[in-house]
Each structure stands twice: as C-alpha cells, then as structure tokens.
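What follows is a short report on a single structure.
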Amino acid sequence: MSNRGLDALGYIEREGSAARIPPAFRPVVATARDRVLDVFGARLHSAYLYGSIPRGTARVGRSDLDLLLALREEPTDADRSEARAVDEALDKEFAQIDGAGTLLVGRSQVLSDLERHDLGWFVACLCTPLLGEDLAEELPRYRPDALLARETNGDLALLLPRWRERIAGAGGSEADLRPLVRFMSRHLVRTGFTLVMPRWNGWTSDLTEMAEAFGAYYPERAAHLRAAAVLGYEPKGDPAVLRSYVDDLGPWLAEEYARVHGVKKPRP
C-alpha cells in the first residue's frame with residue numbers, strides 16, 4: 001500500500017468497514033448483531049467487528065468471527081458465559097466461519113488513560129462499529145510511534161510463561177495444538193511488526209506484509225517471522241513449532257522489544 005495505512009497527516013487510518021464484509025459473511029454478522037442485542041440489551045454500550053471479516057479478506061470455512069462488546073459496566077463472569085454461549089451457537093449455525101470469539105470490555109476501561117494506547121487504539125483503529133455509539137469519537141488519533149509500540153505489545157515477556165502452561169496443558173494431537181499454533185504465530189508476527197513499526201512508519205494487519213516489514217530490519221530473523229506468518233494463516237499442530245516459539249523466537253523478541261521500546265505499563 002502506498003500510504004502504508006496512514007492518512008495525509010500521518011495518523012493510522014481505521015481499517016475495515018461494514019461495506020467490505022464479503023456477501024457470504026453478511027448473514028453471520030446480521031445474526032450476531034441481533035443475538036448480542038438480545039442477550040446484553042441495555043447493558044451494551046457498543047459492539048464492534050474486527051479481523052478479516054470487516055477487512056474484506058475473510059475466507060469461507062477458514063476465517064473466524066471476531067467481536068468486541070463494550071459494556072456500560074465492567075463485564076462479569078455471567079456476562080462472559082453468555083458471550084461464550086453466543087459464540088458457540090454462531091459457530092454451530094454457520095459453516096462460513098471457523099469459530100467465533102467475543103471480547104468483553106467495560107466502556108470506562110476503553111477510555112482509561114492506562115488503555116489509551118492499547119485497548120483504546122484497538123477500538124479506534126482496528127474495530128468496525130456494529131451497534132451503539134462509537135467510542136472512537138472519544139479517543140485520540142494515533143501515529144505508529146514508539147509509545148504505541150510499547151503499549152500494544154511490550155508485554156511479551158510476561159506472556160511467555162502463560163504460553164508454556166497452555167502448551168503443557170493442551171492435548172498432544174494435531175487438532176489440539178493447531179489453535180495454539182495459529183494464536184501464537186499471529187501474536188509473534190504482530191509483535192515483530194510493531195517492533196519495527198515506528199521505523200517502517202505505517203500500519204498493516206496483513207501477516208505477510210508484517211513479516212516482510214520486520215525482515216527488512218532484522219534479516220537474521222526474517223525467515224522465522226515469515227514462517228510464523230504462514231502458520232498464522234494455515235496452522236499445523238506441530239509441537240516443535242510451539243517449542244521454538246517459547247524457547248527461541250519469543251524470548252529473543254521479548255528481549256529486543258524491551259531494549260528498543262521498553263516494557264508496557266503494568267496492568268492491575
């Protein structure tokens with residue numbers, strides 16, 4: 001892309017729109033919107049789509065449905081249970097999607113100073129409004145700078161122990177490990193990209209483009225991130241891949257990230 005996801009003033013443009021939703025996924029989105037409203041009603045402040053469906057790059061039978069719900073109050077365990085039930089029902093009902101996932105957040109959390117350059121940025125730049133009043137109207141514009149890099153992905157070192165636990169607790173079959181490979185591959189590619197984002201001076205959500213941008217600055221690690229980008233789109237449940245992520249690529253990336261951008265502000 002010529003403008004690398006930035007507007008004429010150098011701010012990150014919001015990606016995705018309702019107009020870009022592929023026709024095959026429109027019934028899924030319409031049903032999800034109705035179900036969310038039925039389940040959460042007045043508790044719901046706003047709802048958003050994110051990921052490949054509003055970007056127009058979703059693949060039938062391969063892509064998942066990603067939703068973010070901002071509630072008027074902080075989400076409860078009961079709210080999370082209801083959201084999981086909606087996700088499971090949508091996944092069973094629509095063959096177009098390979099799973100559904102709903103993030104629940106509180107309105108005040110999105111607008112908080114602590115989350116301004118993480119969750120706030122995510123809503124303002126990567127989420128497409130579906131229901132309610134758009135919280136992006138209450139958030140600033142964002143540039144691809146070191147502050148954004150630190151606050152979005154500067155916590156990899158904290159995540160790696162949890163990843164090891166998830167790997168150890170997962171079943172050993174290819175089907176059991178495939179979702180972990182997909183999730184961790186995508187997370188590492190995005191972390192690698194945001195490491196170089198201020199120098200690259202732009203934004204993209206395309207894993208392949210992210211890996212290529214990273215490789216221009218870290219050629220010695222380029223092949224690792226390119227391979228992770230491939231597995232982010234076409235995951236294979238290979239335990240050796242997961243071990244390499246938590247024993248090699250992940251620790252290296254966490255150390256380099258802290259050196260270049262510092263560590264993300266601690267969350268409660």
Side-chain angles (χ1 to χ4, degrees), residues 25 50-53 55 57-67 84 87-88 90-92 94-103 122 126 149 152-197 200 204-258 260 264:
F25 292 93
Y50 67 95
S52 61
I53 291 178
R55 290 200 302 267
T57 59
R59 298 174 297 166
V60 172
R62 296 289 187 87
S63 298
D64 51 358
L65 174 71
D66 296 308
L67 296 167
R84 282 194 296 271
D87 292 339
E88 290 167 2
L90 290 169
D91 186 33
K92 289 179 181 177
F94 292 99
Q96 297 96 309
I97 58 173
D98 181 21
T102 299
L103 293 177
F122 181 78
L126 304 190
T152 51
N153 286 300
D155 58 351
L156 182 58
L158 294 177
L159 297 179
L160 288 173
R162 300 178 206 168
W163 287 15
R164 293 185 182 100
E165 290 176 3
R166 289 183 64 182
I167 293 168
S173 73
E174 202 277 340
D176 290 331
L177 298 179
R178 194 184 312 129
L180 288 180
V181 170
R182 180 184 185 185
F183 166 75
M184 293 178 189
S185 297
R186 292 183 172 202
H187 194 106
L188 289 173
V189 172
R190 289 167 182 154
T191 302
F193 170 70
T194 52
L195 171 62
V196 304
M197 175 183 66
W200 194 70
T204 177
S205 283
D206 182 273
L207 297 179
T208 303
E209 190 171 18
M210 285 180 163
E212 291 304 316
F214 168 86
Y217 299 94
Y218 292 94
E220 72 280 8
R221 285 281 182 173
H224 296 117
L225 225 68
R226 289 192 189 105
V230 171
L231 290 170
Y233 286 127
E234 299 288 347
K236 298 176 182 178
D238 185 347
V241 169
L242 294 172
R243 285 195 300 271
S244 74
Y245 285 172
V246 296
D247 293 339
D248 177 41
L249 181 59
W252 175 85
L253 193 51
E255 183 177 351
E256 182 66 5
Y257 214 99
V260 174
K264 184 175 183 173

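Between E256 and Y218, the closest side-chain pair of non-hydrogen atoms falls below 4.5 Å. Looking only at side-chain heavy atoms (C-beta outward), V181 and L242 come within less than 4.5 Å of each other. No side-chain heavy atom of L188 sits under 4.5 Å from any side-chain heavy atom of F214. Contact annotation: the side chain of L249 approaches that of R221 to within less than 4.5 Å [non-hydrogen atoms, C-beta and beyond]. Residues L103 and D66 fail the side-chain proximity criterion, which asks for heavy atoms closer than 4.5 Å. Between M184 and L231, the closest side-chain pair of non-hydrogen atoms is not below 4.5 Å. Between Y233 and R186 the shortest side-chain heavy-atom distance falls below 4.5 Å. Counting heavy atoms from C-beta on, the side chains of R182 and D64 come closer than 4.5 Å.
We find the CG-CG distance between L225 and L195 to be 9.5 Å, quoted to the nearest 0.5 Å. Note that the CH2 atom of W163 and the CG atom of L180 stand 10.0 Å from one another [nearest 0.5 Å]. Here L67 contributes atom CG and L90 contributes atom CG; the two are 7.5 Å apart, rounded to the nearest 0.5 Å. Distance check, rounded to the nearest 0.5 Å: CG of L160 to CG of L156 gives 4.5 Å. Here L253 contributes atom CG and T191 contributes atom OG1; the two are 5.5 Å apart, rounded to the nearest 0.5 Å. The CE atom of M197 sits 5.5 Å away from atom OG1 of T152, with the distance rounded to the nearest 0.5 Å.
In the displayed structure, E255 atom CD is contacted under 6.0 Å by at most 12 heavy atoms of other residues, nucleotides or ligands. Remark: R59 CZ is packed, more than 12 non-hydrogen atoms of other residues, nucleotides or ligands lying under 6.0 Å away.
Taking each heavy atom of K236 and R178 in turn, the nearest pair found is N-CG, 4.3 Å. When every heavy atom of P251 is checked against every heavy atom of R164, the shortest pair comes out as CG-NH2, 4.0 Å. When all heavy atoms of Y50 and L126 are compared, the closest pair comes out as CB-O, 3.3 Å. The two atoms that bring L177 and D238 nearest to each other are CD1-C, 4.4 Å, heavy atoms only.
Remark: side-chain polar atoms of Y257 are paired, donor with acceptor, to backbone N or O of A149 under 3.5 angstrom. Of the possible polar contacts, one joining the S173 side chain to the D176 backbone as a donor-acceptor pair under 3.5 Å is found. Looking at D206, its side chain does come within 3.5 Å of a backbone N or O of E209 through a donor-acceptor pair.
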**OP:** Apply the test side chain to side chain contact (heavy atoms under 4.5 Å, CB included) to residues L158 and K264: give CA-CA distance (whole Å), side-chain angles for both, the deciding distance (0.1 Å), then the verdict.
**Re:** CA-CA 10 Å; L158 294 177; K264 184 175 183 173; over 6 Å; no

**OP:** Report the C-alpha separation of R190 and L207 in whole Å, then their side-chain angles, then the decisive distance to 0.1 Å, and conclude whether the side chain to side chain contact (heavy atoms under 4.5 Å, CB included) test is met.
**Re:** CA-CA 7 Å; R190 289 167 182 154; L207 297 179; 4.2 Å; yes

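Listed by chain and number, the residues in a side chain to side chain contact (heavy atoms under 4.5 Å, CB included) with R226 are A211, E212, A222 (sequence neighbours excluded).
Separation of the Y217 and W200 ring centroids does not fall under the 6.0 Å cut-off. Here H224 and W252 keep their ring centres 6.0 angstrom or further from each other.
Look at K92 and E88 and you find no salt bridge, because none of the NZ, NE, NH1 or NH2 atoms lies under 4.0 Å from a carboxylate O.
Using modelled atom types and a 3.5 Å distance limit, the side chains of Y245 and S185 yield a donor-acceptor pair.
Pairs of residues two or more places apart, or lying in two chains, that qualify as side chain to side chain donor-acceptor pair (under 3.5 Å) and include a residue from residues 94-103 are D87-T102.
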